[in-house]
Amino acid sequence: MLNTELGAVLAVIRRPSDLLPSPDDSSSHSSPLLHSLKSLRSLIFHSDWRSLDPSAYLSPFLAVVQSDDVPAAATAVALSAILKILRLDVFDERTPGARDAIHSIIFSLTNCRLERTDTASEDSVLMRILQLLVTMMKARAAVLLTDHAVCTVVNTCFQVVQQSANRGDVLQRTARHAMHDLIQSIFSSLPSIKTPNFAPDPDPDRACSGSDDDDVDDPIISVEYGSRCMVDIFHFLCSLLNVGEVVESADGLGSLSSDEDVQVFALMLINSAVELGGECMGRHPRLLRMIQDDLFHHLIHYATRSSPLVLSMICSIVLNLYHFLRSSLRLQLEAFFTYVLLKIAAGGSGVHLQEVAIESLVSFCQQPTFVVEMYVNYDCDPIQQNIFEEVGKLLCKTAFPLASPMSGMQVQAFEGLTAIVRTIADGTDIDMDDPPDKNDYNIDITEFKPFWLERHDSQDSPETWVDFVRMRKLKKKKVMIAANHYNRDEKKGLDFLKICHLVESPPDPESFAYFFRYTPGLDKTKIGDYLGDPDEFNLQVLKDFTDTFEFSGVILDTALRTYLDAFRLPGESQKIQRILEAFSERYYDQQSSEIFVSKDAVFILCYSLIMLNTDQHNPQVKKKMTEEEFIRNNRAINGGTDLPREYLSELFHSIVSHAITFFGQTGPTVVEMNSNRWADLIKRSRKVEPFILCDFKHKLSREVFVSISGPSVATLSAIFEQTDDEETLHECVEALINIAGIARYGLEDILDELLSCFCKFTTLLNPYATAEETLYVFSNEVKPRMATLAVFTIANKFGDSIRGAWKNMVDCLLKLKRLRLLPQSVIENDEIPSSETELSYLRSESGVIFPSSHQALSSSKQVSGLIGKFSQFLSLDTESDSMLNVGSQFENNLKIIQQCRIGSIFRESYKLPDDSLQNLGRSLIFAAGGKGQKFSTSVEEEETVGFSWELLATITIANIQRLPNFWPQFHDCLTVVSQFPLFSPCPFAEKAIVSLFKIALKHFSSNPNSNQFSPEKQQTEDLIFKSINLTWKLDKEILDTCCETITESVTKILIDFPDNVHTTMGWKTLFHLLSVAGRHPETFDQAIEAITKLMSEGTHITRHNYSYCIDAAFGFAALKISPLEMSSKMLDLMSDSVKLLIQWHKSGYSDPGNASNASISSSSSSSTDEQPKSGNIAANLFVKLAEALRKTSLVRREEIRNQAVTQLRRCFDAAADELEFTPANCIACFNFVIFAMVDDLHEKMVEYSRRENSEKEMKSMEGTLREAMELLVGVFLKLLVPLAQSPGFRTFWLGVLRRMDTCMKAVATATAEGGGEEMEGERGPLQELVPELLRRMIVEMKEKEILVQKEGDELWDVTNIQIQWIAPALKDELFPEDL
């Protein structure tokens, strides 16, 4: 290879040329070169290449390169030879002499002579040099280069770049490409370079200035190149950004000038260096300081003054810096966003720059950790701007559609907004069965703690750090509210700080100082007035306020500008004096140059600078102060001596060139970044808390979204409404569903707002559209279908966070029902599952309504799984999957409804928390009651009401185990509905009673083998029957119209689940409805069977439901349609029930054989009339039984009447001795039962006597009355002893005699009123019976010495008198005359 290259070089040198007219002349000048080349030829075939010094075979070629006597072609061939040697790695870093050889190549290249050549040949040589430079840096021996050599290589390449500016495009492109390759080669080795251990810089302010002259001028101390050369190269690249000013074009945009072309080239090189250096740049302090200071200053300065191309390159660099070095660039990044991106993106610098800024913001937002890190580092820091909130709101404002179609910039902003939402959603999207309660996010400030400059290490305890950040953000919000109050009223603002514990109590001056110093948006005029006030507390605040500034190493005018930038200097001279005195003291204490001998000198000079500023920049001052006058005015102010003239001159020119600005704006006005502000920023960046790297998923994602929740939902909703682009619609739905996922974390109001918007987009709630119009729009447009699918998808996945929006969703569902867009049965009514196991079975068997292909959506998958449904079903890329092209409208609508999975929303409502479930139930009840509904026909009303109650029953049954948690609210809603102005009880009550009994059946059947009492069961049962009673009372006709359903439900409960009925209200309601609904012929058999079975067994009859059971039995016994044998059997059962009373009485009022007795006993809250106050409960219940039999004795059928009296006699016979009747009980039995029965029968007999052709009925009634009289006497005789003990026995006895008298005259009275005539001497059966009954009673009373003839015995006298009227024939026998 060398031999070939040597031959080529020699051939070119010997070749005649126009520039070398004489061969002899050429030979004379090139003989040393020819000799060295020939010598190399003799050497190359007799050497060991690995041990040979590379200089031996490089030096001849290098000599040709440095010679100016050889043609350019020979130089090019020599360069090619060297290039080939390097590419083939003939020598490497281990070869002896390689270090000198590689440096000699660099020396030769920098001293290449091309005087005797033409332009074309020179371009060829320059291109070979560029190739050689790049190849040399990539060669293995390049590690031997020193820092100085590497810098020389870069400088040489850049010289070629400069020379190529006036040459051909090929050379220019090659030179720039070579420069780019060099930068990549150099900085790609940065990760392998060890971090230098530099001694701490004793002058940090000098380091902040970015001076790296020591790195450039120091002698070479390293044998291999490292970060030192990279610092120099990077500094050089940054300096290229200052090549000139941008040329302004006619349209106000920066045009691409030659200087800007260099800027773009430099930015490209810087970007490459950052990309390849990456995080390693942060490990090299001087390189990092250069990025923090010089680079960012240039980027911020030129970003707002250049073309879109330059801005785009700058944004790319900052994005890379954020990615690699953000932990060290906290304040720099904030400044870039504040002074560049947010300012330009707001539209203040032209549309083209705005588009670039928006695009850059989108790129930032697409970074995985950008959102949460911006929020933590800036929005939660009290002394920083709300960068993330401003970015989010700006994107929302830009993306908000004002017309359709959307512009390109609006689409970009929309992409950024969706990226933010997606990032937040990814942070919150975890597998969580039980989402946190909203109260878990509620925090409050209970006491004052310093927070302005407080820090917390996130690595020590992530959990406590999250709480720290949330509390810090809350305090920042409160501070902003206080600032708003302060701008309107200073006192209210400061009082608000005290109330919120943002300042100490009693107030601490330092807290107020921090408030004035770091709170953005404060009225700077009011700050100045407060700080200048002479009050002692205000003076201390002024001192603490001034102490927050750092003036060390800062020239006086810069310090004064920074100080006056924080407030507006007041106009009153005394206030100005106090403020400048505080500033002077602080500046004097921190001066490092020892220029001033006292703070008074600083104070005087500050006054002088303010006067100079007014003189130079006030247009009303015509004669301006000169420099000499300024210096003369400040003589001898420094403790009697003059300040350095150079120092005063520098101050003078600084003030003349740049005026001190006195701010008075209210609000966080964005100002320009100048050198003073940048110097202050760099100084603060040395002490500020580092950029926090965090990714804490859902723990902070909720708070992040809250700051942009309102604008983002509004913007996305507006885009969905305005746009017609299908891809945009899909992305919009995806973003909104992501928001729904975020809203699970205590943001229910946001989810409600979102769903309300979606419901509006379905077009189903348009009150002005007819049904035909709504159906047409839904069937033929994509947007309403997407909205409908989104609504029910969100309800399926995030229903646990829905609150008020259930109303809109129910309205949409009912509208779909009315439009016939729902299947015949949306939910399975026969068996509504309440567990996940049952649900999985139902889903697999649900057929068309809920196909298995969509079961995946019911599991707890990520939100992306939901979006997959839209991408699959709503895709319009192919004709086969198009929503509008597949099949008929009906098929398309059915497919939509299948995708919605409406039934699972209600079947799986057991997943909903109580709040959500209550809102859903309330919406269904109000919808069933007609609130917000308009019905065109009664059929439509009935269907809607029935559908609403069907859904309500479904969710109630699915949540039957926690019914006490939500049913009280449902019951209250029923009460409210019944009071609606236009409420129609029919069909509401009819549908309600059916659904309520479904719920009751589910409740009683849920634990068929459990009869143990629990308060929850008792409460649940009471709630159910309370609502059932309310419902049938709304429209009592439903007891007839729904008799079959009611009877079937009641009998099923009484027969299958009597052990599970635990409350008095439950038994009362069941027996009442059974007796009322069972009176119809079609329900009688079923009802009579139930009560017969219940009474025959007797196991479930207790002293608490006994009276209700007897009332029901009486109803069936007295029922006209009841067959005689059934009525007779019922009377037998009633009379047999007295055995239960005796048994309870003997067992101490427990209910043997019924374990539910204890529950009823403990839970019963019977009213006074249901549980008499008498202590003998069995006797009181016996009165209930006797009354029922008494009422049965009044029915029209004689057999039943007589049997009732007979059974009553049996009951008295059995109970008289066993129940231990008290005198009061005995009197009650007669008053409420026997006397009433006799009176009623007598009245009935008289009534029949008044009717024509009723002799038979009258005789029949008379026979029953006779039986009753015999019963009266029999019971009287059995209970005579306790009766006689009653204090009211005399009155009672008069009642007995009065009824005897009534019956004695009953036939005569009835005959007279009937128009008949009683035959003389003829007596009826009743008249014959009464004397005999009287004889028996009086004889018995005499025998027991109750009726005794003695003086003053009123009972004897009264009886004697009454007998004369009733049965005079008995007087002589029973009351003979005294002898």
*asked:* If the condition is ring pair (Phe, Tyr, Trp, His ring centres under 6.0 Å), which residues does Phe705 pass it with, not counting sequence neighbours?
replied: none
_I need the Leu319 CG to Leu361 CG distance, nearest 0.5 Å._
11.0 Å
*May I ask you to check whether Tyr587 and Tyr563 place their ring centres under 6.0 Å from each other?*
no
_Is there a side-chain contact between Cys694 and Glu373 in this structure, where contact means two heavy atoms from C-beta onward sitting under 4.5 Å apart?_
yes
_Pi-cation contact, Phe545 with Arg586 (under 6.0 Å, within 45°)_ = no
*Check whether the ring centres of Phe516 and Phe567 lie less than 6.0 Å apart, and answer yes or no.*
no
_Please list all pairs meeting salt bridge (charged side-chain N to carboxylate O under 4.0 Å, His left out) that have one or both residues in residues 475-489, counting only residues at least two apart or in different chains._
none
*Given Phe337, which of Tyr378, Phe388, Phe364 fulfils the ring pair (Phe, Tyr, Trp, His ring centres under 6.0 Å) condition?*
Phe364
*Applying side-chain contact (heavy atoms from CB on, under 4.5 Å), run through Arg326 and Leu693 and close with a yes or a no.*
CA-CA 8 Å; Arg326 60 185 181 277; Leu693 305 179; 3.2 Å; yes
*Would you indicate whether the side-chain heavy atoms of Glu390 and Met374 approach each other to under 4.5 Å?*
no
*Glu334 side chain near Asp381 side chain, heavy-atom distance below 4.5 Å*: no
*Got a salt bridge between Asp680 and Arg684, using NZ or NE/NH1/NH2 to carboxylate O under 4.0 Å?*
yes
*Considering residues at least two apart in sequence or located in another chain, which fulfil the side-chain hydrogen bond (donor to acceptor under 3.5 Å, both in side chains) criterion with Asp615?*
none
*Does a sphere of radius 6.0 Å around NE2 in His617 hold more than 12 heavy atoms from other residues, nucleotides or ligands, not counting ones at 6.0 Å or beyond?*
yes
*Could you tell me whether the side chain of Thr641 and the main chain of Asn638 form a donor-acceptor pair under 3.5 Å?*
yes
_Can you see whether Tyr302 has Arg305 sitting over its ring - NZ or CZ less than 6.0 Å from the centre and within 45° of the normal?_
no
*Look at the aromatic rings of Phe630 and Phe652 and report parallel, tilted or perpendicular, splitting at 30° and 60°.*
tilted
*Crowded around Lys492 NZ? As in, over 12 foreign heavy atoms under 6.0 Å?*
no
*Look at the aromatic rings of Phe551 and Phe583 and report parallel, tilted or perpendicular, splitting at 30° and 60°.*
perpendicular
